[in-house]
Amino acid sequence: MATLRGRKVLKPTAYRAVQAGTDKVLLLMCDVHGAAVVPWDLNDRTVSCWSPPSPEATQRVKDLVAAEITLREAEKAAKSAEKEREARRRAPGDETYTAAALAAATQKHLDAVRRVRELERERQALLAALGKRRPRPVVRAAEENGGAKAALTLAEQPYEVAVHVQRYAAGSLRDAGKTRGYDLAESLVDAGQLSKGMNVLQQWQLTNPDGTVSRIWRMAAVTANNRALARLDIFGVRPEHLVTGMPQSLVSLPKEKSDPALRLLSLREVLNRISARLNEASAKPETSPDDPALRAGKIATVATEIVIGCNKPVALEHVLRSLNVNDHLRGIQPYNEDARLVALFATLVDSYARQSLLAAALAEAFPSARGVDLLDLLGVRDALTANGPLDPLEPLVPAGDEASPVVLRDIAVRAITALVFPEIPPPSGLGTGKRTIRDTGRFWPIVKGALQEPAWSQVTAKTAGARTRLWSAAVAQLFLHRGNILSALGLFGVEETKKGAGQDPRSLKELFLGAEAGDATAWAALVRRMAPALMHAPEPFITPGQGSEAGEGRRGVRRTPSSALASLTLAYASKGPAISRPLLLAFAKSVLAHPDATQPPIAQDSGRLACYGERHLHEEEQSAITTGMVIVPATDGQPTAYVADKDWFDETFPVELGRSAPNPAGSSGAGTGSPVSASDPVSGSTSHGEAPPEPRERLDTLRRELPARVELTGDNYQRAVDSAHILMTDFEEARRLRAQLGEEALPAEQRIEWMEKLTKARAAAQASVTTLGQVEALILQI
């Protein structure tokens, strides 16, 4: 502190401001106790260990905690039964009585072991339903007197859940730190902490077993998370005890009665007890140099920086994440590949936002969006990086479509694809013979700068592979079950990396109607939309390249992700007995909706489901049926008694099915939206030079496809009517404003040109009305 004009103020050397993009954070520099800071759960190095937050996932964590408590009790009962059995086995006495008691004890032990196995299977099923991860803790800015402050707070959670989540966070951070090239704890013991870390005040709200709520403030390490965890290990303190209350029995004072049920919530009291115990031990001459008391001496006091201000407290979490990413990307510790790519994608999105081009890029990728100007760009950033719900993407949904979770996730994947693989303008094509510089548009330089890529003309397969891995890691964050990000390798090549992904602009509804109506391009685009869900399913259908390139006899049939997508795409034109269009459409709908399932699938006949590849195994050896699994559809689209897995996928869509495609990975195309006739040479029913179908088969195909074509036509006409209404409204506003401002009329030539265009449009509309009348008459005849 310093005195200035009679007022006490902070010295200029006691604080500093940090810039994070357009935001600023004010930091207080001070010294803190070495055991006073807990690791931050939201460290970007452990981002791949967390799944997107949802009420269903939170409830599953509670069920998992309850199952683990029940399992521990059952294990204790099994050990007690085992001891009782051993005691009966060695007990002397009457043989008849001893034999009966031993048999009863043995049966009790067998029942207890069987109970433990059942509970362990239930626990494993809950873990599988969580994708072997935990939902990311959701923090928000703390409020005081109705305003947001530069501190964070968590929602209320039960005490047991808080302990479980904190243990999981600390374990994930330890696993991420194993790649460090030296022992961090020994480094701290030897030289102390040489660099400052950044901390933020965060509040944990715990619901105690008696119903009371404890609100505990702690400092969380935004940066230097690994050092904060290592310091706690040196002090012998567990992170969950700091945030949920330290058991008094672990830090009891001399001559103080130990109470296992008492938890100390005051951090000052906890640190005083830890220091008193260590000071007492270090004062003894017989204390060895390896004693925790002497090891903690170098980090008893640590220089740090505490967040005490932010120009936008509501966005504090986003600002701190950016600082954490920037600090780690410049560091020397090896990043986990998934976490590094997610951090790079967050940097890319921030680059778009910093140059005020995020909305423009999304507007170009979604030409039929409801209203790009209504986007909450901060919410969009959180949605695309899986740090918030997908609701801010709702303005990108086409008018008339429902903003369901499936649609919003599809919008998020398309937005990520557009940002990672932006479209560039076509070449001018002047043909002057002079050397010209290729115009790469507004968006490609952002990607080049954020990802530090070479010039556009030097993009190679290596660049395409790196960009594809970035896309795969960013998309994987949207799914509960996170598959291998290498499953996407080969889906984007040099062409897409240089010129853009070339996404089909149609919505999911249009693609499903088009595929039902016989449009092969709609099905090809739908397969591309399904690709992320095929990779990140509870039973993944697409995995990284499998098999042997040398021969099928060594490691099985060679299959790459591109091969899997090619087979699924060409199955639309296949006439195999096990493949039908109702099967394909039912499978596509189930795959796209599986991340939103809240309950495990149930067999129609109330029987027991089993994975297709495990149908011949014993019931105890089969995998548990968990939330998000997809039931195998029959040829008529109805569910069967099996769960779809990779064995079923590879058997139904074999490698041979996709080998006839010259370029299986690049068949997405920007469809025109018009159905392809089954008699057309490029149609699925006459591809590969096949003979035209029989009349009865052709009639069945038309009866199956025409309802979807009718609906597509109705949607197209509704869009035309809406467009005409908007045009009339805008012209009416222009006429009113001209009269209000007294402006002169437009030139006659321009007005005549507009009227001629509208006359042609009206004539086409009137001609189509006649055609629709003829269609109505034909409907009565089929």
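Excluded from the calculations below are hydrogen atoms, water molecules and symmetry mates; all remaining heavy atoms, backbone and side chain alike, are included.
Side-chain N or O atoms of Ser252 include none that pairs as donor or acceptor with a backbone N or O of Ser258 at under 3.5 Å. Between the side chain of Ser275 and the backbone N or O of Asn272 there is no donor-acceptor pair closer than 3.5 Å. The backbone N or O of Glu186 lies less than 3.5 Å from no partner atom in the side chain of Asp190, so there is not a single donor-acceptor pair.
Ionic pairing of Glu156 and Arg215 is present here: one or more N-O contacts between side-chain nitrogen and carboxylate oxygen are shorter than 4.0 angstrom. Using a 4.0 Å cut-off between charged side-chain N and carboxylate O, Asp350 and Arg381 make a salt bridge. Look at Arg238 and Asp233 and you find no salt bridge, because none of the NZ, NE, NH1 or NH2 atoms lies under 4.0 Å from a carboxylate O. Ion pairing between a basic and an acidic side chain is recognised when a charged N comes within 4.0 Å of a carboxylate O; Glu286 and Lys284 show no such pairing. A salt bridge does not link Asp41 to Arg136: none of the charged side-chain nitrogens sits closer than 4.0 Å to a carboxylate oxygen. Between Arg123 and Glu68 there is a salt bridge, since a side-chain N of the basic residue sits under 4.0 Å from a carboxylate O of the acidic one. With respect to Glu305 and Arg16, a salt bridge is recorded, a charged nitrogen being found less than 4.0 Å from a carboxylate O. Using a cutoff of 4.0 Å between basic side-chain nitrogens and carboxylate oxygens, Arg340 and Glu337 are scored as salt-bridged.
Taking 4.5 Å as the limit, every side-chain heavy atom of Ser48 sits out of range of all side-chain heavy atoms of Ile485. A heavy-atom distance below 4.5 Å is found between the side chains of Cys30 and Ile306. The closest side-chain heavy-atom distance from Thr207 to Tyr159 is not below 4.5 Å. When side chains are defined from C-beta on, Met535 does not count as touching Pro540, because their heavy atoms never get closer than 4.5 Å.
Thr153 and Gln205 get closest at one heavy-atom pair: OG1-NE2, 3.4 Å. Of all non-hydrogen atoms in Leu232 and Pro39, the two that sit nearest each other are CD1-CD, 4.0 Å. When every heavy atom of Leu173 is checked against every heavy atom of Asn225, the shortest pair comes out as CD2-O, 3.7 Å. The two residues Val314 and Ala148 make their nearest non-hydrogen contact at CG2-CB, 3.9 Å. Among all heavy-atom pairs drawn from Glu280 and Pro254, the shortest one is OE1-CG, 4.0 Å. For the pair Ala125 and Ala624, the tightest heavy-atom approach, listed with the atom from each and the gap, is CB-CB, 3.8 Å.
Counting non-hydrogen atoms of other residues, nucleotides and ligands closer than 6.0 Å to CD1 of Ile602 gives a total of 12 or fewer. Counting non-hydrogen atoms of other residues, nucleotides and ligands closer than 6.0 Å to CD of Gln599 gives a total of 12 or fewer.
A donor and an acceptor atom, one from each side chain of Asn226 and Arg174, are nowhere located under 3.5 Å apart. Checking Arg134 against His164 by side-chain atom types alone, a donor-acceptor pair falls below 3.5 Å. For the residue pair Asp31 and Thr301, no side-chain donor N or O sits within less than 3.5 Å of a side-chain acceptor on the partner.
Considering only residues two or more places apart in sequence or on other chains, Arg117 meets the salt bridge (Lys or Arg N to Asp or Glu O under 4.0 Å) condition with none of them. For Ala276, the side-chain contact (heavy atoms from CB on, under 4.5 Å) criterion is met by no residue, not counting sequence neighbours. For Arg409, the salt bridge (Lys or Arg N to Asp or Glu O under 4.0 Å) partners two or more places apart in sequence, or in a different chain, are Asp596.
The CG atom of Asp338 sits 8.0 Å away from atom CD of Gln477, with the distance rounded to the nearest 0.5 Å. Note that CD of Glu118 is 12.5 Å distant from OG1 of Thr70, once rounded to the nearest 0.5 Å.
Applying the ring-ring contact (aromatic ring centres under 6.0 Å, His included) definition to pairs two or more places apart or across chains, those involving residues 22-69 are His33-Phe235, Trp50-Tyr168. Applying the salt bridge (charged side-chain N to carboxylate O under 4.0 Å, His left out) test to pairs two or more places apart or on separate chains, those with a residue in residues 73-84 are Glu84-Lys108.
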Can I get a per-line list of side-chain donor-acceptor pairs under 3.5 Å for residues 56-64, giving both atom names and the distance, sequence neighbours left out?
unit_1, atom_1, unit_2, atom_2, d
Thr58, OG1, Ser54, O, 3.0
Gln59, NE2, Asp63, OD1, 3.1

